[in-house]
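For reference, the structure is listed below as structure tokens.
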Amino acid sequence: MPRKLAAGNWKMNGQRANLVELQKLEDKHGDAGVDILICPPATLISGCEDTPFDIGGQDCHVNQSGAHTGDVSADMLADAGASYVLTGHSERRTDHGETDAIVAAKSQAAYDAGLIAVICIGETLAEREGGTTLSVIDTQLAGSIPAAATAENTVIAYEPVWAIGTGKVPTLDQIGEVHAHIRKQLADRFDDADEMRILYGGSVKGSNAADIFGVPHVDGALVGGASLKADDFSPIISALEQA
Ligand code: PGA
């Protein structure tokens, strides 16, 4: 069984004063039986050095350095204290036109910097309603995951675009269908696919976490809104510990 992972994605939220939430989380889960990852904005990464939790970036450039104003490289994230980075989050794909090929290049940049890539995939509402979810997932998996992926350097996050920040969650059967499908697709390419962690993301809360974590092949969650406050993230972590 892969080691379970509760990941929080703060997105473009949080200033130094908000780091108190990590302290509160540490008081409750400093000794958690699952891995805990926080992805704050890049400006806060170096301020997280005292936390016991893993820290991740939310994006990285494909290059190590160079003339790319405003961008942050995987090497810089590692230097600031990160051990993970999200790649291909749907907001990056939508807001910045990131293709599967770019996501694969960013994931490879993460590996080169010694970071674990959390590679995000998921269908839109139109794709779900059009019945093409699994083929969309197949295309994203094939195009976004570098050949060098292993269970050590890669986590997959399945996040239906229509479930992110909307309060809408797929049925447990729908989550189970996609996660089992992802596991099978990974097994076709990677020897250690059974150990690769597959997270569910999209409107995970304390009230639905236990049910979601009961679905086979769900190895944890990528949590947006409910990761900003320790009081909201804590029940999700507890549910994962008990799953
Ligand atoms: P949400 O975001 O939990 O606020 O739906 C999830 C994500 O975008 O990772």
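One-based numbering, in listed order, for ligands and for the atoms of each.
Heavy-atom proximity to H89, at under 4.0 Å, picks out these atoms of ligand 1: 7 (C), 8 (O), 9 (O). Every atom of ligand 1 with a heavy atom of S203 under 4.0 Å away is listed here by number and element: 1 (P), 3 (O), 5 (O). Residue-ligand proximity, K11 to ligand 1, at heavy-atom distances under 4.0 Å covers atoms 2 (O), 7 (C), 8 (O). Distances below 4.0 Å separate heavy atoms of G202 from the following atoms of ligand 1: 5 (O). Heavy-atom proximity to E159, at under 4.0 Å, picks out these atoms of ligand 1: 6 (C), 7 (C), 8 (O), 9 (O).
Taking atom 4 (O) of ligand 1 as the reference point, the nearest protein heavy-atom neighbour is G225 N, 2.9 Å. Of all protein heavy atoms, the one lying nearest to atom 3 (O) of ligand 1 is G224 N, 2.8 Å.
When non-hydrogen atoms are compared, ligand 1 lies under 4.0 Å from the backbone of A163 (N, CA, C, O) but not from its side chain. Of the heavy atoms in N9, only side-chain atoms (C-beta onward) come closer than 4.0 Å to ligand 1.
Side-chain atoms of Y111 and T150 include no donor-acceptor pair closer than 3.5 Å. For the 3.5 Å distance criterion, the side chains of T87 and S107 qualify, holding a donor opposite an acceptor. No hydrogens or angles considered: a donor-acceptor pair under 3.5 Å links the side chains of T124 and E127. Between the side chains of D59 and H89, no donor N or O sits under 3.5 Å from an acceptor N or O.
Using modelled atom types, no side-chain atom of D219 and backbone atom of Y200 make a donor-acceptor pair closer than 3.5 Å.
Remark: ligand 1 and G165 share an N or O pair separated by less than 3.5 Å (distance only, no angle test).
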- Task: Show your reasoning for whether side chain to side chain donor-acceptor pair (under 3.5 Å) applies to Q58 and W10.
- Result: CA-CA 9 Å; Q58 299 175 8; W10 283 13; over 6 Å; no
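Counting heavy atoms from C-beta outward, F53 and C48 have side chains that stay 4.5 Å or more apart.
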